[in-house]
There are 2 protein chains.
Amino acid sequence: MGRTSDARSKLLSAALTLIWQSSYGAVGVDQICEVAGVKKGSFYYFFASKSELAVAAYESYWESKVPDMEAIFSSECPPLERIEGFCRKGYQSQREMFQRYGFVVGCPYANVGSELATQDPRIRAKTQEIMERILAYLEQAISDAVEVGDVEKLNPKEAARQVYSVMLGALLRAKVENNPEVLADLDRTVLRLLGVRQVSGLLTSRYE
Amino acid sequence: MGRTSDARSKLLSAALTLIWQSSYGAVGVDQICEVAGVKKGSFYYFFASKSELAVAAYESYWESKVPDMEAIFSSECPPLERIEGFCRKGYQSQREMFQRYGFVVGCPYANVGSELATQDPRIRAKTQEIMERILAYLEQAISDAVEVGDVEKLNPKEAARQVYSVMLGALLRAKVENNPEVLADLDRTVLRLLGVRQVSGLLTSRYE
DNA sequence: TGGTTAGTTGACAGTCTAGTCAACAATAAT
DNA sequence: ATTATTGTTGACTAGACTGTCAACTAACCA
């Protein structure tokens, strides 16, 4: 009963895009409403505050990316190739956004986490939550790689955190240099960190 | 001739502290002036804009830290211990600031670079510039480590960037988790990345 | 068809924003 | 002591900010 609306989802995606391209602080509610084609009154009908919208936007964005993650981290795929695939996906998507917007925009979660961790507890917690979901995928892949014997015995939890750190750091450097090519050899760096001394032909076969 | 003033330097340090603890966007000129004990008119006597103040603040902060960097990366010190020392310094200072402010504040350059890389070209460039100075120290240490034979032969430029990525990523994760202990094993991670398979007794001797 | 619910609207409040400016005050050099 | 210069001040603009609200409208259900 009552009328229906897509204003909520339009606000979510407008917010994500705008904040990703600039920053949380630099984007106003008016601007989000304008891009979404929604009036401010409706904004506050759906969301109690800008901060709450942001939390919902990141959760919603994550959910939209779950299928991609499931594909990349499919147990069908050899463990190290999952991680390699994740690195290359990051590289590729930054390159695409660079072409489209003229900027390396970095990781949406990392951006907002870095900006607001000390200011907005809910956004900090949501960022941490999503990062832990990503870590779980990495952990599983590493644990599988150990089992299969692709890498030496190591603590998957620890190793996943190390790997994720390199990824986040490389994304940050790419953003600061505004150069997506910083990410070109991310996969090799990560494999090196995992103790894969010589990158095997199988893994490199897809480097064109 | 004319009167002298320390307002400029007070503004620089107030700006750095405030922005570091929250973010560029969340800190206002009025707030900076209040903490610095300087009226806004004076602010705009010394700086053309908030953005210009930020650039000057980061340059000034770097300059104040050069002696520390020179000590840590002294050529007197064994190459790998320089890198280890840098990691441990990062860990320690984040722990101190966590105790003082209740928050892991992260790397000041990375924070502002992440927030403003797509918005403020000058701040982006300054961040990149300072990061390159840090990379130069790492590069030298790695190059020395290769020469001394502490690590296998590798490209120092590439390796320095990899090492720095881990550091930035770990700092970011510590901030998002608001937990400085994320950085506790950063030195071991970095040495691992450099191919130091078994962390030697000499290097671990100072772990209590 | 009528009632209930869900969603829309635009004007509004109050506060904060970066930045300006002309008049004023202190000091260093002559 | 005068003067040129350097720095201080606080009131001011003009716009942006988040958030509010009461009146209005559309659609679903019975």
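Letters A, B, ... mirror the listed sequences (proteins, then strands); counts begin at 1.
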Exercise. If we ignore angles and hydrogens, is there a donor and acceptor under 3.5 Å between the side chains of B:Y91 and B:R95?
Worked result: yes
Problem set entry | Length of the line joining B:Q119:CD and C:dA18:P, which is rounded to integer Å | 14 Å
Exercise. Reckon B:Y44 has a side-chain N or O less than 4.0 Å from the OP1 or OP2 of C:dT20?
Worked result: no
Exercise. Just one of B:Y164, B:F73, B:Y137 clears the ring pair (Phe, Tyr, Trp, His ring centres under 6.0 Å) bar with B:F86, so which one?
Worked result: B:F73
Seminar exercise, completed: Whole-Å distance, A:F47 CZ to D:dG19 P, equals 13 Å
Please write out each protein N/O paired with an N/O of nucleotides 9-13 of chain C under 3.5 Å, distance rounded to 0.1 Å.
none

Exercise. Between D:dT8 atom C1' and B:R8 atom CZ, what is the distance in whole Å?
Worked result: 17 Å
Exercise. Do the side chain of A:E115 and the main chain of A:G25 share a donor and acceptor less than 3.5 angstrom apart?
Worked result: yes
Problem set entry | Side-chain donor/acceptor of B:S114 to backbone N/O of B:N111, under 3.5 Å | no
For this session: Send over the distance from A:Q31 CD to D:dG15 P, rounded to a whole Å.
Result: 18 Å
For this session: Enumerate the residues from residues 49-58 of chain A whose closest heavy atom to DNA chain D is under 4.0 Å, giving them by residue number; use none for an empty result.
Result: A:S49, A:K50
Exercise. Would you find more than 12 non-hydrogen atoms of other residues, nucleotides or ligands less than 6.0 Å from B:E132 atom CD?
Worked result: yes
Exercise. More than 12 non-hydrogen atoms from neighbouring residues, nucleotides or ligands closer than 6.0 Å to CZ on A:R122, yes or no?
Worked result: no
For this session: For A:A48, report the nucleic acid contact type (base, sugar-phosphate, nothing); a contact means any heavy atom under 4.0 Å.
Result: nothing
Problem set entry | Rounded distance (Å) that lies between atom P of D:dC17 and atom CD1 of A:I32 | 10 Å
Exercise. Can any side-chain N or O of A:T118 pair as donor or acceptor with the backbone N or O of B:Q21 at less than 3.5 Å?
Worked result: yes
For this session: Report the distance from atom NZ of A:K10 to atom C1' of C:dG7, rounded to the nearest whole Å.
Result: 12 Å
Seminar exercise, completed: Closest of D:dG7, D:dA26, C:dA18 to the A:R3 side chain is D:dA26
Exercise. Can you check whether A:C77's main-chain N or O pairs, donor with acceptor, with A:R82's side chain at less than 3.5 Å?
Worked result: yes
For this session: For C:dT8, take OP1 and OP2 only and decide whether either is under 4.0 Å from a side-chain N or O of A:S5.
Result: yes
Exercise. Any side-chain donor paired with an acceptor under 3.5 Å for B:Q140 and B:D144?
Worked result: yes
Exercise. When the distance from CG of B:D120 to C1' of C:dA18 is rounded to whole Å, what number comes out?
Worked result: 14 Å
